[in-house]
Amino acid sequence: MTGELLDATTRPDPQSDPQSGPDAGGWTGALRRGIFDKMPPEQLLPDTQPSYVASWIYVFGVLTLTAFLTVVGTGTVLALKGAAWWHVSGTGHFVNSLHLWSVELFMTFMSIHLIAKFFMAAWRGKRVMTWITGVIALGCSAFTALTGYLIQQNFDSQWIATQAKDGLNSIGVGAYFNTMDFGQMLIWHVALLPLVVSVIVVWHIVLVRRRGVVPPLPLPGAPAADAPEVHA
Amino acid sequence: MISRLRPRRPQTEPDPYSFGSRPYDLVKEFVLALVAVVVLTVVLAAAFSSPDVKPMTIASWSQADPGDFTTTALAELDGSSDTAGYGPPYNTAGDGQKLGPLALARAVGVTHPIDTAEAFVLTPLAAAPQSPDVTAAISTWKSASADQQSGWTGAYSDALTKADGDPAKVPAGDYGPVPTMLGQLTRQAQSGSLEGQLLSETGFYHSDYTLPLLFLADGGDMSAQAQTQHLAGDQWGMMNEVGNFPGQVWLAPYTFWYQISPYKTSGNGDALVWGTMGLVGAVLLFLPLIPGLRSVPRYIPVYRLIWREHYRSRAKA
């Protein structure tokens with residue numbers, strides 16, 4: 001690996017490199033610049049924050065994230081042991097209880113977080129996509145939770161499956177998403193939807209770090225425009 | 001590159017750090033929050049556990065209430081059950097619901113074809129070794145005309161109603177092979193074999209419970225049990241959890257519509273609810289782009305509470 005053996009004195013100087021410029025490095029260089037020009041490390045992991053971030057309501061963002069990780073962790077244990085484990089094992093039942101309550105906390109924290117961001121009009125200043133990804137995360141999480149209830153393998157899941165089918169069938173979705181098909185719901189719950197939620201959550205966090213925390217609304221009388229930039 | 005020639009819109013919000021800054025340990029905050037959430041989760045799980053009411057089985061249903069099972073099986077046989085008249089995606093007996101002029105269910109069509117007489121009665125009977133009288137009854141049924149079949153099922157249905165749904169109290173009559181077939185189906189159900197036969201209709205490997213769940217849902221006992229567990233539609237339905245557990249509280253904005261007219265009375269109620277939720281979701285999603293609505297937070301002084309320290313310090317300055 002010749003490149004790894006080059007030290008700083010022998011490595012080509014980017015400034016004198018004839019390949020340097022807007023297109024230097026090809027796709028790799030473009031990706032590197034795309035990431036680090038827009039998201040320098042000190043912005044991704046800041047050690048300061050704006051002075052107005054001084055309310056307990058801000059805690060619900062990180063609480064949502066940590067609750068999500070708890071949901072994923074407990075769900076991973078349930079997935080590793082199998083869908084029926086929690087019905088026949090005391091330990092399994094406790095892990096299922098951890099999963100249930102972490103979901104309750106996750107959805108509660110996320111709802112409070114969203115409501116708080118509404119009252120902050122947190123979409124101002126090119127933060128429209130941050131809001132949109134947050135709303136999508138809430139919707140996808142609710143859908144993921146529904147599939148979780150469908151794979152409980154108890155009376156609750158039987159009832160929810162037979163009731164939820166009517167709404168989905170009424171708009172044609174039931175033809176492709178059958179709430180009574182345990183195998184299909186299991187795959188949606190443990191693979192597809194967690195992946196979608198994870199990607200959206202990461203996207204949301206990157207946008208939050210990139211745009212920063214939205215500044216306070218001006219008090220009445222102070223000049224300001226509420227129209228946000230439409231580009232994220 | 002026209003966009004580069006277009007003048008940039010003025011920055012509508014100041015740089016967050018122009019208000020001043022203070023030290024912040026993001027990683028420490030994350031770790032503390034994670035510990036707090038994990039501890040809280042463990043405490044809640046240890047204190048409240050999680051519900052696990054055993055599933056209803058066709059065996060338990062037919063043993064506990066053979067009358068309801070027989071009535072349901074008869075409805076599957078004569079095509080009068082909810083599933084038989086459902087429409088798409090199961091059959092063409094109904095049109096499916098409409099959202100205004102949009103017949104989305106019908107447009108998608110029948111993707112899970114179910115002939116209830118075949119799926120719930122005739123195929124399970126054919127799948128098991130039968131005595132000569134049952135075999136003859138099945139043969140008689142299959143060779144009869146549709147009018148003859150409906151004559152038998154109609155007469156048996158009337159007799160069953162008069163007998164308060166108890167097959168044992170039905171007097172002799174012109175019911176053709178129907179009592180023999182349904183009697184045998186009840187015995188298969190009570191022995192526990194019917195569930196396996198319904199599942200095996202989809203092949204060797206089983207993960208699709210559509211048939212047994214539809215059969216259970218067509219009966220009266222499942223909804224009765226749901227009613228006692230406050231899970232029925234007029235009890236805010238599936239957002240509830242059995243017992244006193246919180247359930248899917250976040251579905252309240254969805255379940256709410258089922259509690260009011262015209263949603264709860266319309267034959268297209270489900271489609272109307274989904275259409276409404278689609279509209280509400282779109283408004284929420286694109287709220288920042290909707291003039292007027294995006295300004296609502298300015299008129300509700302919650303933001304003054306959130307940023308009270310900031311406003312206080314600015315006033316002092």
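Naming: A, B, ... by sequence-line order, numbering from 1 per chain. Computed from heavy atoms alone, side chains included, the values below leave out hydrogens, waters and symmetry copies.
- To the nearest 0.5 angstrom, B:Ile306 atom CD1 is 8.0 Å from A:Lys117 atom NZ.
- Residue contact with chain B, scored on non-hydrogen atoms closer than 4.5 Å, involves the backbone and the side chain of A:Leu168 alike.
- The contact between A:Ile57 and chain B is made entirely by side chain atoms (from C-beta outward), counting heavy-atom distances below 4.5 Å.
- Within the 4.5 angstrom heavy-atom criterion, no atom of B:Asn268 approaches chain A.
- In terms of non-hydrogen atom pairs under 4.5 Å with chain A, the most contact-rich of B:Val27, B:Leu26, B:Leu102 is B:Leu26.
- Using a 4.5 Å cut-off between heavy atoms, B:Arg314 makes no contact with chain A at all.
- Note: B:Met222 leads B:His112, B:Met222, B:Glu29 in heavy-atom pairs under 4.5 Å with chain A.
- Residue contact with chain A, scored on non-hydrogen atoms closer than 4.5 Å, involves the backbone and the side chain of B:Leu231 alike.
- Between B:Leu34 and A:Thr70 the shortest side-chain heavy-atom distance falls below 4.5 Å.
- Side-chain atoms of A:Trp131 come within 3.5 Å of backbone atoms of B:Leu284 as a donor-acceptor pair (strictly under, hydrogens ignored).
- Using cut-offs of 30° and 60° on the angle between ring planes, the pair A:Trp101 and B:Phe245 is tilted.
- Distance check, rounded to the nearest 0.5 Å: CD of B:Gln229 to CG of A:Asp156 gives 8.5 Å.
- The part of B:Tyr311 that comes within reach of chain A is its side chain, from C-beta onward, which places non-hydrogen atoms under 4.5 angstrom from that chain.
- B:Ala107 does not touch chain A: none of its heavy atoms, backbone or side chain, sits under 4.5 Å away.
- Between the side chain of A:Ser102 and the backbone N or O of B:Thr41 there is no donor-acceptor pair closer than 3.5 Å.
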>> Assess the residue pair B:Thr210 and A:Asp181 against the criterion (side-chain hydrogen bond (donor to acceptor under 3.5 Å, both in side chains)); give the C-alpha distance rounded to whole Å, side-chain angles, the decisive distance to 0.1 Å, and a yes or no.
In response: CA-CA 6 Å; B:Thr210 300; A:Asp181 186 337; 5.9 Å; no
>> ring pair (Phe, Tyr, Trp, His ring centres under 6.0 Å), that's the test. Do A:Phe119 and B:Tyr303 meet it? Break it down for me.
In response: CA-CA 6 Å; A:Phe119 285 117; B:Tyr303 71 90; 9.5 Å; no
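- A donor and an acceptor atom, one from each side chain of A:Asp166 and B:Tyr86, are located under 3.5 Å apart.
- Under 3.5 Å, the side chains of A:His93 and B:Ser50 contain a donor-acceptor pair of N or O atoms.
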